[in-house]
There are 2 protein chains.
Amino acid sequence: MEKHRSAPTLDDVAKMADVSTATVSRCLNSPDRVVEATRKRVLTAIETLGYTPNFAARVMAVKRSFTIGAIIPTMENAIFARGLQSFQEELHQRGYTLLVSSSAYKPEIEEEQIRTLIARGADGLLLIGHDRDPKIYDFLSQRKIPALVAWSYLPDSKLPSIGFDNRAAMFDLASHVIGLGHTQIGVISGLVDGNDRARLRVQGIRDAVSSSGLEAGNLTLVETSYEIENGAKAFRDLMNADPPPTAILCGNDVLAAGALRQAQEMGLDVPGHVSITGFDDIELARIVSPALTTVHVPHREMGRKAALQLVEMVENQTAGTGEQLSTRIVNRPSLGKPALG
Amino acid sequence: MEKHRSAPTLDDVAKMADVSTATVSRCLNSPDRVVEATRKRVLTAIETLGYTPNFAARVMAVKRSFTIGAIIPTMENAIFARGLQSFQEELHQRGYTLLVSSSAYKPEIEEEQIRTLIARGADGLLLIGHDRDPKIYDFLSQRKIPALVAWSYLPDSKLPSIGFDNRAAMFDLASHVIGLGHTQIGVISGLVDGNDRARLRVQGIRDAVSSSGLEAGNLTLVETSYEIENGAKAFRDLMNADPPPTAILCGNDVLAAGALRQAQEMGLDVPGHVSITGFDDIELARIVSPALTTVHVPHREMGRKAALQLVEMVENQTAGTGEQLSTRIVNRPSLGKPALG
DNA sequence: TTGTATGCGTTATCAG
DNA sequence: CTGATAACGCATACAA
């Protein structure tokens, strides 16, 4: 009968090196506090045994997990991938591990994930956007869990945030589009319920429309979930309006890519017949043809800074200041002047 | 001075409900073993205290973490996203949490991640592809950690695998391309070192070339890492050959998208001047224009089945049988007959 | 510099 | 049906 060999423990190492468990522990955590000779002995014991510290035990002992949790709306497209990648790289450098889960844009799932992550001992949390049940904020503050919001900056929010001004970014883009002479504006927005980024982007468009003297009636809007197919379908619907829009502003690049594809299937030239813009500036925006005019979001910078700030909050028990990042319009061929009427 | 309120424990609940910790624990884990009245009392105590079980403590006690770790080469593009999503959905349904980390296609990072995940008590591991240092396999089997490989099926491998035959899939596609009359074949492959999928795909092309009577000289190959820009650059290089290829087979859709973009920038019609194919059939393949002929990989099915099998391996201490999934060629406009020559 | 002893929050065994 | 109590593996205050 074979002996079931489970993971070696501190005790096994201690026995083999003929020291106490405390010494072994010290060898790992403060090597300078143990003399060269014994340390060497311990280290070889660790090596030959293939010892790895048991994480759960360590967490229990130090009451810190060196784990940061992040909950993003979706992993299915690249919107959050790049930012998260740099977030995790930065965390890794500081000795933290990232735990990611996705909520599928569902508030109740996000809430469950938050609890799971906390139960797992996450030292801090990264959340996307500000819209959520107030009781979650209460829970977080009661438990004193440092949390940071990304992808949306608001100056006076419950949680500090690192991100950009979604309203202003879209306001600028919409103003630019209107400045080119477009008067019939179509909008393909993501679902705004529970999604402040989507809501603020729409608001930015509305503000641009009214501040440039256009009527609200010049604006038609379709709201749909962020999937390429939905972008295509929304485009079809919008183009049925009379008069049809000459420019369609999409809530993100994924929707814009769907709209673009649909335009091509309908034989409509972009931007000759209709202009299309995106938001995010993910790789997709450069790949489609014509490439998308879009709003560039500094994903990597956002991820990196979020990591730095969150670690700071965790380690020094500080509140976190947040930071507003700036976006910029990237002009590409999908946007042009409207055809002469 | 404010009192530092940390998470309530089993003990707090027990006190409030005036029972022992054992009873509280039972209420959570085997509710039927405690009588209605006390259970209700305990449950309300849990509710009012906002109690959440401490994960680390639970792990220590049961020596199971209900956590599955997955290490994927990259999170930056959608290649693994969809499969991982269904993997995690299925795991979630069975009460497991997924821990993801990415290795950036670097073997040494993958190894480190494996150790981290195991130290964190992962009950099982999902790895991508078969190529890795043998000592990792030894480590895994010594520690008796169930592990499963995905994205590449091999019948006789160290670890059971759920995936497809990369060689055969690419063989079929290449044969199809050659069948259309192409004789000058260009290949843009991912880096094959440490990547059996990439290696086998190239092998499939070579086999197709030789079995269809073409000379090896009809095939030119560029090897590069999986990034869009590199696909573009490789395309440029390949088209410098004399004679230039009439069809370019790419190791995945990302490289193909890069090649496609480059073709457009060079004013070359696809497929009129040169055909381009991808591999994976991620969303990108349908978005670019012309849409890519590619090999469809059943990502969702693969993820789901991997989850089922891995959980089975974990819970019943079984070895895992693996399963070969089938791929199919998806014909789209990026592939056509070669121009008459 | 090193060892001893204790606590971290749960589950599980064994009595009652 | 419920309550003590012993693990689980590690870190650390305190002693030596």
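Residue numbers begin at 1 in each chain, while the letters A, B, ... track the order of the sequences.
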Could you write nucleotides 10-16 of chain C as a row of B, S and -, 5' to 3', where a protein heavy atom under 4.0 Å of any base atom gives B, of only sugar-phosphate atoms gives S, and otherwise -? BBB----
Check every strand shown and say whether B:V59 touches a base, only sugar-phosphate, or nothing at a heavy-atom separation below 4.0 Å. nothing
Do the charged groups of A:K40 and A:E36 touch, with an N to O distance under 4.0 Å? no
Looking at A:E110 and A:K106, does any basic side-chain N land under 4.0 Å from a carboxylate oxygen? no
Output yes when a side-chain donor or acceptor of [X] lies under 3.5 Å from a complementary backbone atom of [Y], and no otherwise.
X      : Y      : result
B:T116 : B:E112 : yes
A:N316 : A:T318 : no
A:D123 : A:I68  : no

Can a side chain N or O of A:S20 be found less than 4.0 Å away from OP1 or OP2 on C:dT4? no
Taking only the side-chain nitrogens and oxygens of B:K63, find out if one of them lies under 4.0 Å from OP1 or OP2 of D:dG9. yes
Separation of [N] [atom2] from [X] [atom1] (nearest whole Å):
X      : N      : atom1 : atom2 : result
B:R39  : D:dC1  : CZ    : C1'   : 12 Å
A:D32  : C:dT2  : CG    : C1'   : 15 Å
B:R64  : D:dG9  : CZ    : P     : 16 Å
A:F55  : D:dA11 : CZ    : P     : 12 Å
B:R120 : D:dC10 : CZ    : P     : 15 Å
B:K40  : D:dC1  : NZ    : P     : 17 Å

Would you say the ring centers of B:W151 and B:H299 fall short of 6.0 Å from each other? yes
